[in-house]
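For ligands, and for the atoms within them, numbers begin at 1 and follow the listed sequence.
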Amino acid sequence: MVRVSFRVNGEPVELDVKPNELLLNTLREKLGLTSVKYGCGIGECGNCTVLVNGEPVLACLTLTVDVDGCEVLTVEGLSKGGLTRVQKAFIEEGAVQCGYCTPAFILMAEFLVRSKQEPSIDDVREYLKGVLCRCTGYVNIFKAVLKASESGRGREKVDKG
Ligand code: FES
Ligand code: FES
C-alpha cells in the first residue's frame, strides 16, 4: 500500500491505496463521491471526468497515487456554495435526462467557462466532445453551456444559500 495525500473538494484526504488503484474507485468507493460515474472504463465515454488542479482528467485512467499533492474537484465540491451558473443553466435549459453523464458535462462546462471568456458554439462542441450522453441529443446541453458563458461570467456562483 502507498500513503497518498491530496485535497478533494477543498478537504484534505490521506489514504493508503494500492499502487494500481484507480482514482475512479477511490473517489466512489472510499470517499463516497458517486457523481463520478463509471461508463466504459477505457477512456472513451468521459463520464468519469473530474478536475485535477483545474484540468479535466479521466478518473478511470488515472492512478490515485498520481494525484498525490493535487486538488481534485467533483460536482459535489462544485455545489458547496450553491448552484453555479453552469448548473443553473443546465436546469433552465432542460439539459438533463437520466443524469448519468451530467456531472462530467458540468465539470467540462465549468472548465470551458473558466478558460474562455466568450466561447463560440464550436468551442463548446470541442470542449465537450469527449463526454458521451446515451440518452439525448446534445442541443440543450450546448445551449446551457452557451447561456452559462454569456458575458464571460460563467465562473460566478449564483443562488448562494
Ligand atoms: S469510464 Fe472513464 S472514460 Fe468511460
Ligand atoms: S442524460 Fe442520460 S446519459 Fe446523458
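Under the 4.0 Å criterion applied to side-chain N and carboxylate O atoms, E11 and K80 are assigned as salt-bridge partners.
Using a 4.5 Å heavy-atom cutoff, the side chains of Y138 and L128 are not in contact. T49 is listed as a side-chain neighbour of L58, based on a closest heavy-atom distance under 4.5 Å.
In this structure, F111 and G54 approach most closely via the heavy-atom pair CD1-O, 3.3 Å. Of all the heavy atoms in E76 and S35, the pair that sits closest is OE1-OG, 2.5 Å.
Close approach of ligand 1 to C48 is summarised as follows: ligand atoms under 4.0 Å from at least one heavy atom of the residue are 1 (S), 2 (Fe), 3 (S). Each of the following atoms of ligand 2 lies closer than 4.0 Å to a heavy atom of R134: 3 (S). In the vicinity of E44, heavy-atom distances shorter than 4.0 Å reach the ligand 1 atoms 3 (S). Close contacts between ligand 1 and G41 involve ligand atoms 1 (S), 4 (Fe) [criterion: under 4.0 Å to a heavy atom]. Of all the atoms in ligand 1, the ones that sit under 4.0 Å from a non-hydrogen atom of C60 are 1 (S), 2 (Fe), 3 (S). With ligand atoms numbered from 1 in the order given, ligand 2 contributes 1 (S), 2 (Fe), 3 (S) to contacts under 4.0 Å with heavy atoms of C135. If you number the atoms of ligand 1 from 1 as listed, the ones under 4.0 Å from a heavy atom of C45 come out as 1 (S), 3 (S), 4 (Fe). Near G43, with a cut-off below 4.0 Å to any heavy atom, the atoms of ligand 1 are 3 (S). Of all atoms in ligand 1, listed by their number and element, those nearer than 4.0 Å to a heavy atom of G46 are 3 (S), 4 (Fe). Against a heavy-atom cut-off of under 4.0 Å, G99 is close to the following atoms of ligand 2: 1 (S), 2 (Fe).
Counting only distance, with no hydrogens or angles, the side chain of Q97 and the backbone of R134 share no donor-acceptor pair below 3.5 Å.
A cation-pi contact, defined as under 6.0 Å to the ring centre and within 45° of the axis, is absent between R28 and Y38.
Heavy-atom contacts from other residues, nucleotides or ligands closer than 6.0 Å to NZ of K18 number 12 or fewer.
Inclusion of C98 in the first shell of atom 4 (Fe) of ligand 2 is not supported: no N, O or S atom falls under 2.8 Å.
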